[in-house]
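Everything on this sheet refers to the single structure shown next.
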Amino acid sequence: MLTNREIADTFHAIADALEIQGEDRYRFLSYRRVGDMIAELPEALSAYAARGELEDLPGVGKVMAAKIDELLRTGQLDFYERLQAELPAGVLELLKVPDIGPRTAGRLYRELSITSLESLREAAEQGRLRGLKGFGAKTEQKILQGLAQLATADTRMLLSQALELAERLLADLKAAAPAVWQATYAGSLRRGRSTIGDIDLLAASEDGAAVIAALTSLPSVARVDSAGDLKATVILHSGPSADLLVVPPARWGSALQHFTGSQAHNIAFRELAKAQGFTFSENGFRASDGSLVECADEIAVYAQLGLPYIPPELREDQGEFAAARAGTLPTLVELADMRADLHMHSTWSDGHAAIAAMAQAAITRGYSHMAITDHGAYLGVTGGLTPERALQQAEEVARVNAELAASGSNFRVLHGVEVDITPEGRLALPDELLAQLDIVIASPHVSLRQEREKATARLIRAIEHPYVDIVGHPTGRLINRRAGSDLDLEPIFQAAAASGTALEINAGPDRLDLDAPLARRALELGVTLAIDSDAHAPDELAWMRLGLITARRAWVTPERVLNCWSLERLREWLARPKGAR
DNA sequence: GCCGTTTTCGGCCCGACTGTTTTCAGTCG
């Protein structure tokens, strides 16, 4: 059975092929929109198909539904096969090169028989491109540069890397350009996606040219790709590119809304504006008489169409407009709601700090409690806790709590463990020990390549274990390095909801697992969530921010998150038999 | 190819920057 990802890729390929062939704009756009929609879908397409709901999906009509159905049933698509026969797959690859779009790709294929990145490079090096009408030496150079860039920038940045880079760039820009009144990052970074392609920056200033000049002369900038009076694109020494847009302060709101996206959200928003007699752009709302309504903040942008403010993390055209109209937008969890971090390690296993030091760091972050959850001994985990050492650790936790109480602090440390889930779904520590601990996280660390059926049964068995409170990083994915386990998530979420087991949004920068679409579906099915740093050092408690952003993208409210509960409420929940939670 | 608070046909988001074509198409976000 094809995954949503594979089917989305097929639709994107169809859209690209149709566009290169010069098909009607709105025909290929409809394929692209459906591809985008499928990529963000919370449930497997087969589930919608089984319920006969394909045509209820936005942008899917009879034709699209039949194509999805054919892909699900046969694993291939006749229509797509025929397209591929007309247009070699290598031609679609050309679209990955910056500055090569569908028109250019089509001409390169038809006029120079270029069918791969390799043959494109040869043709450019031999100076054959400039023979084409409209192509000069400069264009040829740009294409060669684009090909080189493609070879280096093959993976997207982690959210954590992009945040750090953007914040440094903003600081540098503000220092170099006094004319900047306000500046922030926008794009997929502001929406909190788990990986980021390039950095989008927005600055408010009355002197756009000065701000653009300041950006292009920053030491961190390797190359200027384009630069006008209002926007510029630069390539950074560290590899990624950054786009800067400069607008007058009076247009800050409309520009920020425009530049934050997503594209799908913007299209839907602009269609709404149109229905109310406006055209909307980064400059504001233009009425039919030509007058312009400027918006200094985003609240005014949404208010113009009678909508409440929609937080950036929700702007994916995944139901946020309907919720906004109905007044049912969620009150998203915030950093200030977080009272605890319930998954972290100390020198008792593979962490780098003592329990007391981790507690101090947690106190500094404003938490009221935390759980220390060192690894249980199993297979390769070095220094994992044996039952004996776990009991010794309990004494240290008690000492730390006694010292905290003696110093007048109300902060408390819960004693837990992160126990391994064996390939069969058993736990790697004895029940007698687990029963004595305050909190138990069970996580998969080994045998992550099991068959779907086995992997699913394994996780459900752990979820249903009477002493498991949280399942940590449920899929085991590592961003850019390892896909998660092949899991049937619906029954897993149902089991978690029914058994009163929380599922984790692990905030580790390369985990973010569950990711946002999965966490959103888990929430819909009634699962309680935990958002935890999995810190191995005091500084890493700051990773909570990444988990929080991911949770917000999943429409998570504080009520549904263990970490947002008071210590009393959490203790009460932990003390209850699992079936009664 | 889809779709409906100007509905079942006629629309479909918007604008800046670049190169090269002296008036704009192509690309991008």
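We name chains A, B, ... by the order of the sequence lines, and we start the count at 1 in each one. Predicted model only: the values in this text are computed from it and were never measured.
- Nucleotide B:dA16 holds its P atom 19 Å from the CG atom of A:Asp99, rounded to whole Å.
- Between B:dC13, B:dT6, B:dA16, one nucleotide has an atom nearer to the side chain of A:Glu282 than all others, and that is B:dA16.
- For the residue pair A:Asp243 / A:Thr233, a side-chain donor-acceptor distance below 3.5 Å is found, with atom types taken as modelled.
- The CG-C1' distance, from A:Asp200 to B:dA16, rounds to 14 Å in whole Å.
- Around CZ of A:Arg103, the count of heavy atoms belonging to other residues, nucleotides or ligands within 6.0 Å does not exceed 12.
- Remark on DNA chain B: of its neighbouring residues A:Pro98 and A:Ala232, the 5'-side contact belongs to A:Ala232, judged by nearest-heavy-atom nucleotide.
- Heavy atoms of A:Val97 sit under 4.0 angstrom from primed sugar atoms or phosphate atoms, though from no base atom.
- One can place CD1 of A:Ile212 at 13 Å from P of B:dA16, the figure rounded to the nearest angstrom.
- Closest to the side chain of A:Arg103, from the set B:dT27, B:dA16, B:dG1, is B:dT27.
- Counting only heavy atoms from C-beta on, A:Leu230 has its side chain closest to B:dC17 among B:dC14, B:dC17, B:dG26.
- Comparing A:Gln276 and A:Asp225 by the nucleotide of DNA chain B whose heavy atom lies nearest to each, the residue mapping closer to the 5' end is A:Gln276.
- Applying side-chain contact (heavy atoms from CB on, under 4.5 Å) to A:Leu165 and the options A:Ile196, A:Ile199, A:Leu189 leaves one that passes, A:Ile199.
- Close to B:dC28, at under 4.0 Å from its OP1 or OP2, lies no side-chain N or O of A:Thr233.
- When the C1' atom is used for both B:dT22 and B:dT18, the distance is 15 Å, rounded to whole Å.
- When all heavy atoms of A:Leu548 and A:Ile531 are compared, the closest pair comes out as N-CG2, 3.9 Å.
- Look at A:Ser226 and you won't find any side-chain N or O under 4.0 angstrom from OP1 or OP2 of B:dA16.
- A distance of about 23 Å separates the P atoms of B:dT6 and B:dC2, rounded to the whole Å.
- Nucleic acid contact for A:Val34: none, since no nucleic acid atom lies under 4.0 Å from a heavy atom of the residue.
- A cation-pi arrangement, defined by a distance under 6.0 Å to the six-membered ring centre and an angle within 45 degrees of its axis, is present between A:Lys67 and A:Phe79.
- Taking the six-membered ring where the residue is Trp, the centroids of A:His265 and A:Phe321 are separated by under 6.0 Å.
- For the pair A:Asp229 CG and B:dT18 C1', the computed distance is 14 Å after rounding to whole Å.
- Annotation: B:dG15 and B:dG10 have their P atoms spaced 26 Å apart (nearest Å).
- Judged by distance alone, the side chain of A:Asp513 and the main-chain N or O of A:Thr475 form a donor-acceptor pair under 3.5 Å.
- Of the candidates B:dC2, B:dG15, B:dT27, B:dT27 carries the atom nearest the A:Pro102 side chain, counting heavy atoms from C-beta on.
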For nucleotides 10-12 of chain B, list the nitrogen or oxygen atoms of the protein found under 3.5 Å from its nitrogen or oxygen atoms, one pair per line.
residue	atom	partner	partner atom	Å
B:dC12	OP1	A:Lys274	NZ	3.3

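- Here A:Lys133 lies out of heavy-atom contact (under 4.0 Å) with every strand.
- A:Phe280 comes within 4.0 angstrom of the backbone, heavy atoms only, and of no base.
- Using a 4.0 Å cut-off, no side-chain N or O of A:Arg270 falls inside it from OP1 or OP2 of B:dC13.
- Among the atoms of the strands shown, only primed sugar atoms or phosphate atoms (P, OP1, OP2) are found under 4.0 Å from some heavy atom of A:Tyr31.
- Closest to the A:Asn283 side chain, of the nucleotides B:dC14, B:dC2, B:dA16, is B:dA16.
- The cationic group of A:Arg82 does not satisfy the cation-pi geometry with A:Tyr80, failing either the under 6.0 Å distance to the six-membered ring centre or the 45° limit from the ring axis.
- When distances run from any side-chain atom of A:Lys138 to the nucleotides B:dG15, B:dC13, B:dT20, the shortest one goes to B:dT20.
- Here A:Ile100 lies in heavy-atom contact (under 4.0 Å) with sugar-phosphate atoms only.
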